[in-house]
2 protein chains.
Amino acid sequence: MSQQHGHGAQARLAVSTVIFALSPDVDGDGVERPSLRIPLVRRLREPGAGRWALPGGWLPVDESLEAAAARTLHETTGLAPKYLEQLYTFGEPDRSPDERVVSVVYWALVHSDEVERAVADENVQWFDEDELPHLAFDHHEIIDYALWRLRTKLEYSGIAHALLGERFTMAELRGVHEAVLRKRLDPANFRRTMEASGTLVDTGERLAGTRHRPPALYRFDASRTPAAPPPTDAAAHDAAHASSASHDAAHAASASA
Amino acid sequence: MSQQHGHGAQARLAVSTVIFALSPDVDGDGVERPSLRIPLVRRLREPGAGRWALPGGWLPVDESLEAAAARTLHETTGLAPKYLEQLYTFGEPDRSPDERVVSVVYWALVHSDEVERAVADENVQWFDEDELPHLAFDHHEIIDYALWRLRTKLEYSGIAHALLGERFTMAELRGVHEAVLRKRLDPANFRRTMEASGTLVDTGERLAGTRHRPPALYRFDASRTPAAPPPTDAAAHDAAHASSASHDAAHAASASA
DNA sequence: TCAAAAGTGTTCGAACTACACCCATGT
DNA sequence: ACATGGGTGTAGTTCGAACACTTTTGA
């Protein structure tokens, strides 16, 4: 029952992404606390023309959800995400004034290394996490949710490195945590916690040019990641690292009774 | 760019639900360990006709995602879910042989009180969690993921009660945890952990008719639930309790650059 | 030699585990 | 009275927070 609606009266499927990156370190010496930044695009057509919105687009019939999110991200920022994960699917019937649109939303983390190359013109701008403009639709709620996810996940998972470059100091890594969690962390305890996680590798190199004692440079070792969740491969919610394809799996609607 | 595809070449949107309930307690005295059961429907048409699949259907244009999941659940089991939450959206292009189908999957917990009334005929059957039949599409992966979610969430959230009735003993609640987590729990420590969570209320009543000392009956107090996540109201992933509407929010595809 | 961050050691208390033990009821 | 789960007490352990302290560099 209630199955055949014909292909005409369907909701349209969109994919959007909440992209996070760190503000460039002003001094380059790690003294300044970095802040979280999010790129938004200006809507050029109705509904919501002129307002800022999340980068996204309609889902092409032959493209996977994750691939669409990655493409969107690249088209907007010019960068490749180091981390990409499905966030939630928003689909209230009344969210878009004209037609029914269901949006599968992803969230992404981008290297600070490459942020300098980021696109930014009059229609694409990066906003500070706590200085967001008036947004189209309910994109503000979506971003709030993505921020909550990021903060929650940071506390039990080693994703902070995805916002840094290949090599980083312990202080830089701590700076990411402090910026995201919005609170100071004890350097001694932070170091021990990270070392205990076993996901960091001391490269042997040290960062010269600081005003004082040169800190060790670490890199993240993905192979040492704890245990990944059992489900659909990279399991979307609590695993892994972008790029790895096939988060998604098949399914088709089934008859009821 | 890459925006207008026309309304013809779209993916179709389906909603499915993984429903969990406890097997009826055989003896009624809580001695038997209950087990998790999942209702499946037999597909009547191609593709995958004859195979078992998750209850679900096409998304009507004017129905919210959650409402569609709840309706599906009711049509299949004849019951109302006590807990309903979005799980993940599956959308690989090749999952369904004929056309592109994107499925928004929910998971639900159902009262054991009402499970007796559950529908079950030749096209709707309840299967034990570890005795699933050959499933259509990748529904097995989806169920595995839902099971992982259930187990993970049980450990930090008080959702176990949603599988029981209004009033329950501490041993029954522990039985749910043991059945879901597949391991024995220390009765003393379990009791203290639950009492410390502050979400249980002693009704003052006691369960008579047991072979020995009558245990106290508790009920769950939703108002004492810890702090709900900030985002979109009930916040889908880590909050809340079904029924409460408006998980979802608006969004429409936006132009890029 | 001094400032400042890198990095180490130690103590404290909360939270969880294991397990001994008493309590109340039906038979 | 006794078997059986209901329910309480308590000691050991683990883990993170707090903070004193030593090390290493540039200026």
Side-chain angles (χ1 to χ4, degrees), chain A residues 25-34 152 154-158 160 164 167-179 181-219 226, chain B residues 25-34 152 154-158 164 167-179 181 183-219 226:
Chain A
D25 193 356
V26 189
D27 305 337
D29 62 353
V31 172
E32 282 289 320
R33 293 288 149 233
T152 303
L154 194 65
E155 294 189 313
Y156 67 92
S157 165
L164 293 168
R167 295 188 304 285
F168 47 85
T169 68
M170 196 59 83
E172 285 169 342
L173 190 62
R174 178 165 48 84
V176 176
H177 281 250
E178 290 179 341
L181 300 179
R182 296 166 149 286
K183 66 178 178 187
R184 288 309 181 98
L185 298 172
D186 184 303
N189 295 331
F190 180 83
R191 163 182 299 274
R192 271 184 295 251
T193 303
M194 285 299 144
E195 283 172 344
S197 79
T199 56
L200 295 186
V201 180
D202 191 333
T203 62
E205 304 167 273
R206 290 178 178 275
L207 178 64
T210 61
R211 274 197 283 273
H212 303 289
R213 176 175 176 176
L217 282 169
Y218 298 87
R219 64 179 172 79
Chain B
D25 193 358
V26 189
D27 306 336
D29 62 353
V31 172
E32 282 288 322
R33 292 288 149 233
T152 303
L154 194 64
E155 293 189 315
Y156 67 91
S157 165
L164 294 168
R167 295 188 303 284
F168 46 85
T169 68
M170 195 61 82
E172 286 170 340
L173 189 62
R174 177 166 48 85
V176 176
H177 281 251
E178 290 180 341
L181 300 178
K183 66 178 177 187
R184 288 307 180 101
L185 299 172
D186 184 303
N189 296 331
F190 180 82
R191 162 181 300 276
R192 273 184 294 253
T193 303
M194 284 300 145
E195 284 172 344
S197 78
T199 56
L200 295 186
V201 179
D202 190 333
T203 63
E205 304 166 275
R206 286 174 183 278
L207 179 63
T210 61
R211 277 198 280 273
H212 302 290
R213 176 175 177 176
L217 284 169
Y218 298 86
R219 64 180 173 80

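Naming convention: chains lettered A, B, ... in sequence-line order (proteins, then strands); numbering from 1 in each chain.
Between Asp202(B) atom CG and Glu195(B) atom CD the span is 8.5 Å, to the nearest 0.5 Å. The line from NE2 of His177(B) to NZ of Lys183(B) is 11.5 Å long, rounded to the nearest 0.5 Å. Here the CZ-CG distance, from Arg174(A) to Leu181(A), works out to 12.5 Å after rounding to the nearest 0.5 Å. To the nearest 0.5 Å, atom OG1 of residue Thr203(A) and atom CZ of residue Phe168(A) are 9.5 Å apart. Rounded to the nearest 0.5 angstrom, Glu172(A) CD and Arg167(A) CZ are separated by 10.5 Å.
For the pair Pro215(B) and Met170(B), the minimum side-chain heavy-atom distance is 4.5 Å or more.
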Apply side chain to side chain contact (heavy atoms under 4.5 Å, CB included) to residues Leu200(A) and Leu173(A) and explain how you reach the verdict. CA-CA 11 Å; Leu200(A) 295 186; Leu173(A) 190 62; 4.0 Å; yes

Might you list the N or O atoms of the protein lying below 3.5 Å from N or O atoms in nucleotides 24-26 of chain D, with each pair's distance?
unit_1  : atom_1 : unit_2    : atom_2 : d
dG26(D) : O4'    : Arg211(A) : O      : 2.9

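Smallest separation of non-hydrogen atoms from Gly175(B) and Pro34(B): O-CG, 4.1 Å. The minimum heavy-atom distance linking Arg191(A) with Tyr218(A) is given by the pair NH1-OH, 3.3 Å.
The separation between Glu195(A) atom CD and dG9(C) atom P is 11 Å, rounded to whole Å. To the nearest angstrom, P of dA18(D) lies 19 Å from CZ of Arg191(A). The interatomic distance linking Glu155(B) (CD) with dC16(C) (P) rounds to 12 Å, in whole Å. Counting to the nearest Å, the P atom of dG16(D) and the OH atom of Tyr156(A) are 16 Å from each other. Atoms CG (Leu200(A)) and C1' (dG7(C)) sit 15 Å apart, rounded to a whole Å. In this entry the distance linking CG of Leu217(A) with C1' of dA6(C) reads 13 Å, nearest Å. Rounded to an integer number of Å, the gap from Met194(B) CE to dG6(D) P is 15 Å. In this structure, the CZ atom of Arg174(A) is 17 Å from the C1' atom of dG16(D), given to the nearest Å.
On a pure distance criterion of 3.5 Å, a polar donor-acceptor pair joins the side chain of Arg192(B) and the base of dG9(D).
Within residues 182-190 of chain A, the residues having any heavy atom closer than 4.0 Å to DNA chain C are, in order of number, Ala188(A).
Across all strands, Ala171(B) comes closer than 4.0 Å only to sugar-phosphate atoms, never to a base (heavy-atom distances).
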